[in-house]
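What you see below is based on every heavy atom in this structure, not just the backbone, and it leaves out hydrogens, waters and symmetry mates.
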Amino acid sequence: MHYLAEGLRLPTNALDYSILILYFVVVLGVGFAARASIKTSLDFFLSGRSLPAWVTGLAFVAANLGALEILGMAANGAQYGVYTVHWYWVGAIPAMVFLGLVMMPFYYGSKVRSVPEFLLHRYGPASHLLSSIIFSVASVLIAGVNLYALAIVVEALLGWPQWVAIVVAGLFVLIYITLGGLSSAIYNEVLQFFVILAALIPLTVVGLKRVGGFGGLADSLNDRYGENFTSAWGGTGIGSANPLGANWLTIVLGLGFCLSFGYWTTNFAEVQRALSARNLSAAQRTPLIAAYPKMFIPLIVVVPGLIALVIEPGLGSTKSGLQYNDAIPLLMRDLLPNGVLGIAVTGLLAAFMAGMAANVSSFNTVFTNDIWAAYVRRGRSDEHYLLTGRVVTAVGVVCGMGTAVIASSFSNIMNYLQTLFSFFNVPLFCVFIIGMFWRRATAAAGFWGLLSGTVAAMINYFWLYKAQVISIPSDQGANFVSAIVAFVVGGVVMVTVSLFTKPKPVESLAGLVYGTTSPGMAEPPAAGDEAWYRRPALLGWGAIVLAALCYVPFSL
């Protein structure tokens, strides 16, 4: 297991620890307060579908603002440069808008409690069970990433061995989710969102001042790595070499379509937040509201990774002993005074707990409703499933502790996470999108499309790329190709199988296929939701235009 380089211990004092302790007390208090509202399994798993859009919207973006975002995107910035902004403006915003405008009416209108449950209604038990198992495995693996990232910070803060930090942090998340269910996770995610901003904004401001502002940062990086390192699209022509190891086509198709839409539209850790909204309008606006803060996150995540590369030129080299994952802790050590350092540490811990809580809360929902209640213990009382959810939460946390060891073997955890998404999320999105827009797609096609897409992505990554049967310059480039392979293979298999098998009756597809509706999709806007500034179409297209404009400064 990787340990931080010698000397990366953070110079914390009593003020920093006091801020940290206060935060933990508040988080546990939220858990105990949320416990009073847990009366049924729906309360535990989906907050009784009662939360306002602004709460679910902030929780939506905070659930993603975990290890994937903080350490992972900072590491990506240090390793790949400004190309990392593609994960936001091409690799997130369009998919979040598509989720809000197109997919949420199907999810929320059908009253499903999870993403796999939608596949049960659209295809049948085989696809439902396979997707539930795949999602459960992926959730535990991703929860482990957040635990590992949290352990890096705790090691730097307290000097604890990483395994001790992993166990302590995991138990803390277990307590507040078990107490208050999804409501506890969501309200803590809203709190964590603001704590994260309070941590990363000062880090970015002080870091930019140290390197001479944006101009000084760009000059230093251009001198050392070339001008393409600070350009979003420079050097991405087909056949051109660049640090990302990808061209514009694989960026747009692999990241912008396959990986992005696969993650944002089918990852239940995100969709669950929208399903907990009080009505369909609020559910649609959840990812649309989240899109606005999401597009500006690179300023406080990617930019610090670039700053760390200037301050510590040996970052990521075996000689220095510093991994790309160390970029944020490195800046915290070198730039922040006590007090502000305590806020920064608290913000990082908040981010990692938010990410882990999102995956654990989605894991307990899917396992309880889609595996246990559907195939193992059918027809039991609601109290039985509520208890099962709490027990499964503990199981998920313990498994996450184990998978944290796997994450520790990657010097850039973003590479690891994108590999998981290409394996699990992309094939699921392929099955969803074809089934949602093509009535002819059959139950058998859903199962074999999902299975073949997953296997194809694994073959491309482990055999063709890792065994060097084909030459791809980087892990991320390989992930983009794996995503495209998974989608194409899954789609071809689905179309082929559908042509030779019998489709479901059209009347059974109401509310599940585009062009059909269900009663839940036709509910009128709630009082106040008809205001022009709350219209999903305006919010969605506004986010698309703004994301496109964000590219301008990095494309000149």
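Each side-chain hydrogen bond (donor to acceptor under 3.5 Å, both in side chains) pair with one or both residues in residues 120-129, not counting sequence neighbours, appears once here: His128-Asp370, His128-Tyr375.
Aromatic pair Trp264/Phe60: ring centres closer than 6.0 Å. Aromatic rings from Phe424 and Tyr263 are positioned such that their centres are separated by 6.0 Å or more. Note: Phe257 and Phe487 meet the aromatic proximity criterion, with ring centroids under 6.0 Å apart.
Taking the side chain to side chain contact (heavy atoms under 4.5 Å, CB included) definition, one finds that Leu387 meets it with Val391, sequence neighbours left out. Every residue two or more places apart in sequence or in another chain that forms a side chain to side chain contact (heavy atoms under 4.5 Å, CB included) with Ala456 is listed here: Val485, Val489. Applying the side chain to side chain donor-acceptor pair (under 3.5 Å) rule to Ser482 yields the partners Asn460; only residues at least two apart in sequence or on another chain are considered. Residues forming a side chain to side chain donor-acceptor pair (under 3.5 Å) with Ser452 (at least two apart in sequence, or on another chain): none. The side chain to side chain contact (heavy atoms under 4.5 Å, CB included) test applied to Val488 returns Ile484, Val492, not counting sequence neighbours. Residues passing the ring pair (Phe, Tyr, Trp, His ring centres under 6.0 Å) test with Phe98, sequence neighbours excluded: Phe261. By the ring pair (Phe, Tyr, Trp, His ring centres under 6.0 Å) test, Trp89 pairs with Tyr551, Phe554, sequence neighbours left out. Legend: residues meeting side chain to side chain donor-acceptor pair (under 3.5 Å) with Ser508, ordered by chain and number and at least two apart, are absent. Taking the side chain to side chain donor-acceptor pair (under 3.5 Å) definition, one finds that Ser131 meets it with nothing, sequence neighbours left out. Among residues two or more places apart in sequence or in another chain, the ring pair (Phe, Tyr, Trp, His ring centres under 6.0 Å) test is passed with Phe432 by Tyr107, Phe118. By the ring pair (Phe, Tyr, Trp, His ring centres under 6.0 Å) test, Tyr514 pairs with Phe437, sequence neighbours left out.
Side-chain contact between Leu58 and Phe194 is present, with heavy atoms from C-beta onward closer than 4.5 Å. With contacts defined as side-chain heavy-atom distances shorter than 4.5 Å, the pair Ile134/Leu428 does not qualify. Side-chain contact between Phe363 and Thr393: absent, with no pair of heavy atoms (C-beta onward) separated by less than 4.5 Å.
The CG atom of Asn279 lies 7.0 Å from the CZ atom of Arg285; values are rounded to the nearest 0.5 Å. Rounding to the nearest 0.5 Å gives a distance of 6.0 Å between CZ of Arg440 and CG of Leu499. For the atom pair Asn425 CG and Leu420 CG, the distance stands at 9.0 Å (nearest 0.5 Å).
Listed for the Thr286 side chain is a donor-acceptor partner under 3.5 Å among the backbone atoms of Ala282. Judged by distance alone, the side chain of Ser260 and the main-chain N or O of Gly91 form a donor-acceptor pair under 3.5 Å. Counting only distance, with no hydrogens or angles, the side chain of Ser132 and the backbone of Pro116 share no donor-acceptor pair below 3.5 Å.
Using a 30° and 60° split on the angle between ring planes, Trp372 and His384 fall in the parallel class, below 30°.
Using modelled atom types and a 3.5 Å distance limit, the side chains of Gln284 and Tyr108 yield no donor-acceptor pair.
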